[in-house]
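Order of the sequence lines sets the chain letters (A, B, ...), proteins ahead of strands, with each chain counted from 1.
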There are 2 protein chains.
Amino acid sequence: MREASAPDRGVRSRDAILDTATELMSLRGYAATSISMVSAACGLPASSIYWHFGSKDGIYVAVLERARVTLLSALPPVEVPGADIAQRLDNFLEAVEDAFQRHPHDVKLLIGLGMVQGSASAAAVAELLHYRDALLAWARDSLSFVFGLHDRPEVSHGLARFVLRAASGTAVARWFDPASSLDAEALRVALLALAAHQGVPVGVPAAAPPHEGPSGA
Amino acid sequence: MREASAPDRGVRSRDAILDTATELMSLRGYAATSISMVSAACGLPASSIYWHFGSKDGIYVAVLERARVTLLSALPPVEVPGADIAQRLDNFLEAVEDAFQRHPHDVKLLIGLGMVQGSASAAAVAELLHYRDALLAWARDSLSFVFGLHDRPEVSHGLARFVLRAASGTAVARWFDPASSLDAEALRVALLALAAHQGVPVGVPAAAPPHEGPSGA
DNA sequence: GTCTATAACCAGATAGAC
DNA sequence: GTCTATCTGGTTATAGAC
């Protein structure tokens with residue numbers, strides 16, 4: 001396995017560079033991460049990094065792409081198991097919480113690098129959007145299955161957006177206080193109430209009447 | 001007013017630098033914002049910026065401090081008006097939504113620059129923590145008043161954390177899709193359900209039974 | 001594919017006249 | 001307080017031997 005003749009020396013180096021860049025960029029951000037830092041941290045000279053990725057932006061795009069694939073393949077299929085809504089919702093939230101805890105780098109890459117407009121290339125921004133859309137689509141499909149919303153796509157979309165925002169907000173909270181976790185319990189209560197509020201039968205009364213517009217005062 | 005002899009030429013320049021730096025840093029992040037960019041954008045030479053703030057980090061701390069004061073003074077007092085919980089909650093959420101919409105720079109500074117550990121000074125990180133804590137305290141006190149939770153601080157703290165995370169997540173969503181707004185309606189439903197779930201009387205049945213631990217399956 | 005060496009440039013920061 | 005000019009060091013990126 002060691003001294004792999006040379007055929008895959010390249011791919012091993014490539015992976016090492018990607019690992020290092022992922023860690024540094026998710027921790028410090030794209031702009032604050034320099035090629036020389038990556039070089040020093042992974043042991044390979046800067047020119048090797050350029051040979052593999054062409055430019056700093058090229059590394060960034062590769063890092064984002066791999067993070068997206070990794071995170072998405074760690075998520076379970078959208079046909080969430082469970083006999084009823086409560087069970088399926090618990091299973092869904094457990095999957096979200098699990099991925100969130102196990103892939104902090106990937107989550108943070110998605111979140112923290114939104115402020116890259118102007119510093120990074122259009123390709124990198126497009127990859128970020130792709131990343132976000134893929135996560136949102138997974139959440140939407142899963143929640144559609146959980147609540148049986150095949151005929152009400154706008155409701156499952158709204159719930160998915162809510163979950164994604166809660167997860168993003170928790171990721172933000174996590175870099176102030178690294179012990180922050182997703183609080184699946186609160187999310188469960190909130191999602192059930194939101195679904196009920198939209199008229200979805202969840203085996204529980206709606207939490208509040210629709211009430212159009214803010215009430216005077 | 002113009003040609004103010006010189007006494008306040010200084011403070012005007014200082015403010016102009018702060019304005020420019022706030023805009024650039026909230027848009028591009030701290031690391032990606034250079035002194036020369038600020039200099040070019042506000043018209044003053046780099047050495048004037050150093051005269052006022054001493055270092056790049058000094059500008060950052062001043063920007064954060066002013067953002068915190070601005071945002072906090074834009075928030076209404078915690079004695080949220082309203083005859084009942086529903087009215088007070090609506091007023092609270094309206095205040096949050098309003099501040100969120102009117103001060104995008106300040107919100108983004110708080111959010112997006114969490115990944116500054118290692119690039120910025122301890123003073124800057126401390127200022128960021130101070131910022132976050134002040135917002136959380138305001139939300140906690142307001143929600144305590146809204147729901148009448150003076151004797152249950154841990155509940156109001158949990159609700160405040162939930163609101164702050166939702167707002168953070170929305171700020172993140174906003175740099176993918178600038179049209180994103182806070183969705184006060186969803187937040188209203190979620191907060192009522194969460195409060196009810198904690199046994200707080202909100203004039204509405206609890207959304208779900210406490211149910212200890214995930215249900216088998 | 002990996003290395004050493006270096007080009008070309010821009011960053012943060014300072015000196016000193018005014 | 002503001003300016004011009006400049007120093008130093010790190011940055012992205014490349015050349016060319018191996």
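- Checking Asp57(A) against Ser121(A) by side-chain atom types alone, a donor-acceptor pair falls below 3.5 Å.
- Proximity of a side-chain donor or acceptor of Arg88(B) to a complementary backbone N or O of Val146(B) within less than 3.5 Å is detected.
- Side-chain atoms of Glu185(A) and His197(B) include a donor-acceptor pair closer than 3.5 Å.
- Both the sub-6.0 Å distance and the 45° axial angle are not jointly satisfied by Arg68(B) relative to the ring of Tyr131(B).
- Here the closest heavy-atom approach between residue His52(B) and residue Ser13(B) is recorded as NE2-CB, 4.0 Å.
- For the pair Ile59(A) CD1 and dT11(D) C1', the computed distance is 13 Å after rounding to whole Å.
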| message | For nucleotides 2-18 of chain C, give me one character per nucleotide, 5' to 3': B if any protein heavy atom sits under 4.0 Å from the base, S if the only such contacts are to the sugar-phosphate, - if neither. | response | BBB------SSBBB---
